[in-house]
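In listed order, ligands and their atoms are each counted from 1. Along the sequence shown, residues carry numbers from 1. Only heavy atoms go into these numbers, but all of them, side chains included; no hydrogens, no water, no symmetry mates.
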Amino acid sequence: TIIIAEDLTPSDTANLDRKRVKGFCTIGGGATSHVAIIARSMDLPAIVGLEACALNVENGTSVILDGGAGTLRLSPAEEEMKEVQERLIRMKKRREEELASALEPAVTKDDHKVLVVANIGGAKDAEEAVKLGGEGAGLLRSEFLFLERQTEPSEDEQYEAYQKTVDALGKDKPLTVRTLDVGGDKPLPYLPIPEEENPFLGERGIRVCLNRPELFRKHLRAILRAGAKGGLQVMFPMIASLDEFREAKKMLDEEAEKLGQDSIPAGIMVEVPAAAVRSELFAREAEFFSIGTNDLTQYTLAMDRGHAKLAPQIDALHPAVLSLIEKTIEGAHKHGKKVSICGGIASDPSAVPILVGLGVDKLSVSVPSIPTVKAVIRRMTLKECKELAEKALQLATAKEVRALVPALD
Ligand code: PEP
Ligand code: MG
């Protein structure tokens, strides 16, 4: 069955019966809205931001949902069905090949290694990521533990969740925990944020935590305890200026001292253009960078990431976003700091060569995408990637950039 709905909450989506539901379409949302992120992590074909008339499709109609192209074909002819079946066979074959080499590293033909790690919500995802060749986790969305409940998780509950994730990844596979990223489109019932006219431009991410030191310190302690044996680093979301990083880092170090342990490496998410532009300044103090292209794109283009009508234009391959990625990498590398990309674009096979060409060190991708992203890297040389990136930076639109690298069939 294919579900067509006005909208789905993240928990509706996570609880879909996978035996019956083969894909879904929603009228609301954009490609990086949270329901789309969950669909990707479940490897479930989906289209968001579909025209409202799709709700009128009669039950029982046969359809072809193409999540890659974002199209829903109604009552396809037999010929078309046959073509799709053949394409599915080709995709299955390619997937088998990718899975067969999933545990090998992602090295370009001219010997340039790119780390491929996973975006995860907890220990279960971590286990799956390791099976699929993930070399660690580059983004643990810590807020999942806080969402859809009536009370705040205790320090011990948080610690146990992070510790389980560390254990699931195993030794030698580092974990990057992002501190609580709520506000915007992720409200918490027990943490009221006064109504805002523009929540995405309001109290979000690190701003929420810095304004609630008690909650933040408890959260940091849980993270520190899980990181006591190494292999864990922390990053702060939505950083716009250096004093926010300094304040958060100070609290982290103070809590480490109180616990009588060493602090852990602290980095920033680059998702506000201000941080990308000033990356060189941040690189003197932050240990690493992770570019959140979902937010970086919405803030660069001034387009709400969940806006269904604007969804086709909200593309992280827009040359302006690529230029900010380039700037971030340049500033970070000047001080020997590594840069990862953890936004949805890192999981897009058409984008991967360009991102590698821009000089990114690490790609943090949705769990099912790990084998594909590694396979794409192995097919290219770094030289080819650099040429593509240079060309992309000269273009005017995301559409032109996409035309540079054909999508996988
Ligand atoms: C991002 O903004 O790209 C990101 C990875 O964070 P989230 O999608 O959770 O906002
Ligand atoms: Mg973000």
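Legend: residues meeting ring pair (Phe, Tyr, Trp, His ring centres under 6.0 Å) with Phe146, ordered by chain and number and at least two apart, are His219. Residues forming a side chain to side chain contact (heavy atoms under 4.5 Å, CB included) with Ala274 (at least two apart in sequence, or on another chain): Val272.
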query: Could you go step by step and tell me if Lys93 and Glu98 meet the salt bridge (charged side-chain N to carboxylate O under 4.0 Å, His left out) rule?
result: CA-CA 9 Å; Lys93 191 164 162 278; Glu98 289 169 1; over 6 Å; no
- request: Please report the C-alpha distance between Asp243 and Lys249 in whole Å, then the side-chain angles of each, then the deciding distance to 0.1 Å, and finally whether the salt bridge (charged side-chain N to carboxylate O under 4.0 Å, His left out) criterion is met.
  value: CA-CA 10 Å; Asp243 45 359; Lys249 168 94 168 81; over 6 Å; no
- request: Would you check, one step at a time, whether the test salt bridge (charged side-chain N to carboxylate O under 4.0 Å, His left out) holds for Arg246 with Glu285?
  value: CA-CA 8 Å; Arg246 284 183 177 153; Glu285 299 182 35; 2.6 Å; yes
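If you check the side chains of Asn119 and Ser366, you find no donor sitting under 3.5 Å from an acceptor.
Looking only at distances, no side-chain donor or acceptor of Asp348 sits under 3.5 Å from a matching main-chain atom of Ile345. Put simply, the side chain of Arg378 gets close to the backbone of Pro105: a donor and an acceptor are under 3.5 Å apart.
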Put together the list of close N/O pairs, under 3.5 Å, between ligand 1 and the protein, could you?
| from | atom 1 | to | atom 2 | distance (Å) |
| --- | --- | --- | --- | --- |
| ligand 1 | 2 (O) | Glu271 | OE1 | 2.9 |
| ligand 1 | 2 (O) | Asp295 | N | 3.0 |
| ligand 1 | 2 (O) | Asp295 | OD2 | 3.0 |
| ligand 1 | 3 (O) | Gly292 | O | 3.3 |
| ligand 1 | 3 (O) | Thr293 | N | 3.1 |
| ligand 1 | 3 (O) | Asn294 | N | 2.7 |
| ligand 1 | 3 (O) | Asn294 | ND2 | 3.3 |
| ligand 1 | 6 (O) | Arg178 | NH1 | 2.9 |
| ligand 1 | 8 (O) | Arg141 | NH2 | 3.0 |
| ligand 1 | 8 (O) | Asn294 | ND2 | 2.9 |
| ligand 1 | 8 (O) | Arg305 | NH2 | 2.8 |
| ligand 1 | 9 (O) | Arg141 | NE | 2.8 |
| ligand 1 | 9 (O) | Arg141 | NH2 | 3.4 |
| ligand 1 | 9 (O) | Arg178 | NH1 | 3.1 |
| ligand 1 | 9 (O) | Arg178 | NH2 | 2.8 |
| ligand 1 | 10 (O) | Asp295 | OD2 | 3.0 |
| ligand 1 | 10 (O) | Arg305 | NH1 | 2.9 |

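Here the shortest heavy-atom pairing between Leu175 and Tyr162 reads CD2-O, 4.3 Å.
Counting only distances under 2.8 Å, and ignoring water, the protein N, O or S atoms around the Mg ion (ligand 2) are Glu271 OE1, Asp295 OD2.
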